[in-house]
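A short worksheet on the structure shown next.
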Amino acid sequence: MKPIYSGKVREIYDVSDKQLVIVATDRISAFDSILPVQIKGKGKVLNQLSNFWFGKTRDIVPNHIIDDRIETMPSFFQKEYFSGRSVLVKKLNMLPYEFVVRGYLFGSMWEAYEKGESFCGVKLREGYRLAQKLEQPVCTPAFKHDRGHDEYVDMQEIENKLGSERTKKIVNYCFELYKTCSEYALSRGLIIADAKFEFGQDENGQLILADEIFTPDASRFWDAENYKVGIFPESYDKQFLRDWLLANRVVGKFQFDKISQDVLMRTEQLYHECLNRLTK
C-alpha cells in the first residue's frame, strides 16, 4: 500500500470510501526543506499529543478521529513501525484554510507590528513588546497552498468564501479550543503562545476539526517559569534546530547535512519533554 499524499511529516493512506489512515513519521523540516536526518520518536510524540488534545476537546467541536489502535486498521498497518504513530480518521472535504489563534505577540505578527502594519486585517495598539501577552487573543487565517508558504489573508476574505455564519462558528471554535487548552497547559507550567487549527466538512456539511492540534509542530509552547517579555523564549519544538542552521550557514547556505548528533538529541528531548509535561 502506498500513501496518496506524503507531506513534510505526515503520510496519508486511502483505506476506504469514508476512512483514511494518517501516519506521523520522524521526518523534520526546516526552511521549507525536508532534512536528510530524522528526530527519533518525533512522529509518535506528535500523534500521541494530538490525540490527547482531540480527546480533551471533543465536547467543544467534533473531530476526525475514529481510532488510534493499529489492530482496528487494515492488516498493512498492523506492524510495529505504525504503532503509536498512526490514526484512523474520517475522510473529509477539507477547507483550504488554516486558522491561527495568537495569544502572544510573536512570529509573523510581531514582524508586521514592528513595521507598523496590520496583520490579517488586525491592527494592534501601540506599546506592545516582543512575546507580550495580548489583551485578547486574535484569530489570523491563511490560505493553504499545495506548495510553498501559506498566504495570510484577512477574515473578510474568509467570510466572502465561507459565509459570515460559518466563519463566525469556526472562529468561536478556535477561541474556545485555545482558551480551554492554554489554561490546561499553564497548569502544567507551559504557555501556548499560538495554535493552528484546520477544519473539514463531513458528508452532511458539519464542521469537523482535523489535522493535528496543540502539538509542537502546530503550536508554540514556552516554559512559563522562564518566560520574560521582550526576549525570544525557548520553545518546545524545532526552533532549537532552526537556530543552529541559521548560525551555521556557509556563504548563506544552510548545512542540512552537517547537523550534529547533539543538536538532533536536544531537539528530540524537547519534543518528548513537551509530551511528558502535558500528559504525564
Side-chain angles (χ1 to χ4, degrees), residues 31 53 57 60-61 95-145 148-187 189-199 209 211-239 242-243 246:
F31 305 108
W53 291 115
T57 60
I60 297 174
V61 54
L95 301 181
Y97 304 101
E98 65 178 35
F99 299 84
V100 179
V101 175
R102 301 172 187 271
Y104 293 74
L105 186 53
F106 202 73
S108 299
M109 194 170 194
W110 168 253
E111 293 171 8
Y113 181 78
E114 278 195 302
K115 299 173 185 176
E117 300 172 352
S118 61
F119 186 77
C120 295
V122 177
K123 183 71 173 179
L124 298 174
R125 65 163 175 81
E126 295 182 357
Y128 275 110
R129 297 168 63 196
L130 175 69
Q132 185 172 347
K133 185 176 183 179
L134 299 174
E135 292 170 354
Q136 295 291 335
V138 298
C139 186
T140 58
F143 178 78
K144 292 183 63 63
H145 289 285
H149 292 289
D150 295 339
E151 177 187 356
Y152 289 113
V153 296
D154 63 42
M155 201 60 74
Q156 186 59 55
E157 180 172 331
I158 305 296
E159 290 188 16
N160 293 341
K161 297 291 186 180
L162 302 182
S164 58
E165 184 176 340
R166 175 139 293 204
T167 301
K168 183 178 180 181
K169 191 171 186 178
I170 290 171
V171 171
N172 286 341
Y173 278 149
C174 290
F175 282 140
E176 190 169 357
L177 288 164
Y178 180 77
K179 180 178 185 297
T180 298
C181 296
S182 61
E183 287 176 354
Y184 172 82
L186 193 58
S187 75
L190 291 178
I191 291 170
I192 301 179
D194 53 46
K196 173 183 72 72
F197 305 106
E198 295 187 38
F199 295 86
L209 183 63
D211 194 56
E212 61 178 321
I213 57 171
F214 299 109
T215 71
D217 279 12
S219 298
R220 282 190 178 91
F221 290 93
W222 297 337
D223 185 271
E225 185 176 352
N226 296 322
Y227 162 75
K228 292 182 181 178
V229 174
I231 65 171
F232 279 83
E234 179 180 323
S235 54
Y236 288 84
D237 55 22
K238 59 186 174 184
Q239 190 60 49
R242 285 167 54 88
D243 291 344
L246 286 168

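For clarity, every value in this text was computed on a predicted model and none was experimentally measured.
Distance CD1/Ile191 to CZ/Phe221: 11.5 Å, rounded to 0.5 Å. With values rounded to the nearest 0.5 angstrom, Asp154 atom CG is found 9.0 Å from Glu159 atom CD. A distance of 8.0 Å separates SG in Cys174 from CG in Leu209, rounded to the nearest 0.5 Å. Of the inter-residue distances, the one linking Lys179 atom NZ with Glu183 atom CD reads 3.5 Å to the nearest 0.5 angstrom. Distance check, rounded to the nearest 0.5 Å: NZ of Lys144 to CD of Glu98 gives 4.5 Å. Remark: Cys139 SG to Phe175 CZ distance equals 5.5 Å, nearest 0.5 Å.
For Phe214 against Leu177, the heavy-atom pair with the smallest separation is CZ-O, 3.5 Å. The shortest heavy-atom contact between Tyr178 and Ala193 is OH-O, 3.6 Å. Residues Met155 and Thr167 approach most closely at SD-CG2, 3.8 Å, considering heavy atoms. When all heavy atoms of Ile192 and Ser219 are compared, the closest pair comes out as CG2-CB, 4.2 Å. Closest heavy-atom contact between Cys181 and Thr57: SG-CG2, 3.5 Å.
Asn172 and Glu176 form no side-chain donor-acceptor contact under 3.5 Å, judged by distance and modelled atom types alone. Counting only N and O atoms by type, the side chains of Asp217 and Thr215 include no donor and acceptor under 3.5 Å apart.
Judged by distance alone, with hydrogens and angles left aside, the side-chain atoms of Lys123 form a donor-acceptor pair with the main-chain N or O of Gly116 at under 3.5 Å. Between the side chain of Asp243 and the backbone N or O of Leu246, no donor-acceptor pair lies under 3.5 Å. Between the side chain of Tyr152 and the backbone N or O of Met109, no donor-acceptor pair lies under 3.5 Å.
Two residues are said to be in side-chain contact when any heavy atoms from C-beta on lie closer than 4.5 Å; Trp222 and Phe232 fail this criterion. Counting only heavy atoms from C-beta outward, the side chains of Glu234 and Asp223 never approach each other to under 4.5 Å. In this structure the side chain of Arg102 reaches within 4.5 angstrom of the side chain of Thr140, judged on heavy atoms. Using a 4.5 Å heavy-atom cutoff, the side chains of Pro216 and Lys238 are not in contact.
Glu165 has no carboxylate O lying under 4.0 Å from a charged side-chain N of Lys169, or vice versa, which leaves the two without a salt bridge.
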Evaluate side chain to side chain contact (heavy atoms under 4.5 Å, CB included) for Ile158 paired with Phe99, printing each intermediate quantity in order. CA-CA 10 Å; Ile158 305 296; Phe99 299 84; 4.0 Å; yes

Please assess Ile170 against Leu95 for the test side chain to side chain contact (heavy atoms under 4.5 Å, CB included), listing each intermediate value before the final yes or no. CA-CA 11 Å; Ile170 290 171; Leu95 301 181; 3.7 Å; yes

Chi angles and distances behind the side chain to side chain contact (heavy atoms under 4.5 Å, CB included) call for Trp110, Gln132: CA-CA 10 Å; Trp110 168 253; Gln132 185 172 347; over 6 Å; no

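Within 6.0 Å of CD on Glu225 lie no more than 12 heavy atoms contributed by other residues, nucleotides or ligands.
A centroid separation of less than 6.0 Å is found between the aromatic rings of Tyr104 and Tyr227. Between Tyr184 and Trp53, the ring centre distance stays below 6.0 Å. If you look at Phe106 and Tyr113, their ring centroids are not closer than 6.0 Å. For Tyr97 and Phe199, the ring centers sit 6.0 Å or farther from each other.
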